[in-house]
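Remember, predicted model here, so these are calculated numbers, not experimental data. This chain uses plain numbering: 1 for the first residue, then up along the sequence.
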Amino acid sequence: PNLNHAAKSFAYDFNFYDAGGDIAGGFSGDSFIYAGEVKYILLPNVMPGADFANVDFKISKYEWVSKDAFGGLPSIQTSNIVTETDNKNTVVQGKIFNNDTIVFSRVTLVAILRGSLGQIAGASQTEIENLLPNETKTFSIIYPAVPNLDTYGTRVFVYSTRQ
């Protein structure tokens, strides 16, 4: 964690390698990270294929700025988070509240699901558009059913930018 600098932008590459060390597939994108923030990069519903032996994640083209130049974390809170599972789906539901003074055009919520032994058992995300100041919205994040899920171990991370 870097408490003094933020990455206003950065590029990333996921590369998947076969058993021979050759690239079998990959995905690229860009993102940002606030000073002191924990960031999960998730590609929901994307599978590179069954034949890969290794994966790496690389960042590049990062633009470091002081935390004051990028601003502080948005003041967005989640509440009433409940994780329920049945034979078909695991659903994470809750509320999101914009306690900030600006409209957030896109808010990404990433749910990390935990198994009964504390291991990461799955992840999924959803997006909320146009979250107004002092507005509360409900959200649902759906994932295929996970056996032996710790429904109290779910963590939801909220990402949005002021820019």
Side-chain angles (χ1 to χ4, degrees), residues 1-2 6-7 9-60 62 73-100 104-131 135-161:
N2 188 325
S9 65
F10 65 89
Y12 61 83
D13 292 299
F14 283 101
N15 289 310
F16 301 91
Y17 298 89
D18 62 21
D22 296 321
I23 293 180
F27 302 95
S28 299
D30 55 72
S31 192
F32 61 91
I33 188 166
Y34 285 93
E37 184 179 34
V38 172
K39 183 89 179 214
Y40 286 90
I41 305 290
L42 181 66
L43 299 171
N45 300 321
V46 176
M47 293 299 294
D51 295 330
F52 69 93
N54 196 7
V55 62
D56 69 13
F57 176 79
K58 294 180 183 176
I59 60 173
S60 61
Y62 34 85
L73 284 165
S75 185
I76 302 172
Q77 288 87 33
T78 58
S79 64
N80 299 59
I81 296 173
V82 176
T83 303
E84 296 177 331
T85 190
D86 59 25
N87 292 334
K88 291 179 136 185
N89 294 309
T90 296
V91 179
V92 179
Q93 297 179 329
K95 293 183 178 184
I96 185 168
F97 173 68
N98 181 356
N99 195 34
D100 217 310
F104 291 100
S105 61
R106 177 169 290 151
V107 179
T108 301
L109 297 109
V110 176
I112 306 293
L113 306 171
R114 299 275 178 188
S116 59
L117 301 175
Q119 76 281 16
I120 293 178
S124 190
Q125 74 181 37
T126 193
E127 291 184 347
I128 304 288
E129 293 186 0
N130 299 317
L131 186 61
E135 182 178 26
T136 299
K137 289 187 176 184
T138 59
F139 67 87
S140 294
I141 303 172
I142 301 172
Y143 190 80
V146 176
N148 302 314
L149 184 69
D150 175 6
T151 57
Y152 297 102
T154 301
R155 296 211 42 213
V156 176
F157 296 87
V158 179
Y159 304 115
S160 191
T161 182

Under 3.5 Å: donor-acceptor pair, side chain of Gln119, backbone of Leu117: yes

Heavy-atom side-chain proximity of Ser140 to Thr126 below 4.5 angstrom: no

Looking at Leu113, is its backbone amide N or carbonyl O close enough to the side chain of Thr154 to form a donor-acceptor pair, meaning the two atoms are under 3.5 Å apart? no

Can Lys39 be said to sit on top of Phe32's aromatic six-ring, NZ or CZ under 6.0 Å from centre and within 45° of the ring axis? yes

So, do Asp30 and Ser9 sit near enough that their side-chain heavy atoms are less than 4.5 Å apart? no

Kindly determine whether Ser116 and Asp150 satisfy side chain to side chain donor-acceptor pair (under 3.5 Å), including the steps that lead there. CA-CA 5 Å; Ser116 59; Asp150 175 6; over 6 Å; no

So CD of Glu127 and CD of Glu129: to nearest 0.5 Å the spacing works out to 7.0 Å

Of the non-hydrogen atoms in Gly115 and Ala121, which two are nearest, and what is the gap between them? N-CB, 3.6 Å

Given Leu109, Thr108, Ile128, the one that forms side-chain contact (heavy atoms from CB on, under 4.5 Å) with Val158: Leu109

Nearest heavy-atom contact between Tyr40 and Ile112 is CD2-CD1, 4.0 Å

From Ile23 atom CD1 to Asp13 atom CG, the distance as rounded to the nearest 0.5 Å: 9.0 Å

Taking every non-hydrogen atom, the tightest pair across Arg114 and Leu149: O-CD1, 3.1 Å

In terms of heavy-atom contacts, Tyr34 and Thr161 come closest through OH-CA, 3.3 Å

Asn98 side chain to Leu131 backbone, donor-acceptor under 3.5 Å: yes

Residue pair Val92 / Val82, side-chain heavy-atom distance below 4.5 Å: no

Quick one: does Asp100's side chain have a donor or acceptor within less than 3.5 Å of a partner on Ser75's backbone? yes

Could you tell me whether the side chain of Asp18 and the main chain of Gly20 form a donor-acceptor pair under 3.5 Å? yes

Looking at every non-hydrogen atom in both residues, tell me the closest pair between Val38 and Tyr159 and how far apart they are. O-OH, 3.1 Å

Are Phe14 and Phe57 close enough that their ring centers fall under 6.0 Å? yes

Close side-chain approach of Val91 to Thr85, heavy-atom, < 4.5 Å: no

Using side-chain heavy atoms (C-beta onward) and a distance below 4.5 Å, is Ile33 in contact with Tyr62? no

Smallest separation among heavy atoms of Ser160 and Phe104, with atom names: OG-CD2, 3.3 Å

Can any side-chain N or O of Ser124 pair as donor or acceptor with the backbone N or O of Ile142 at less than 3.5 Å? yes

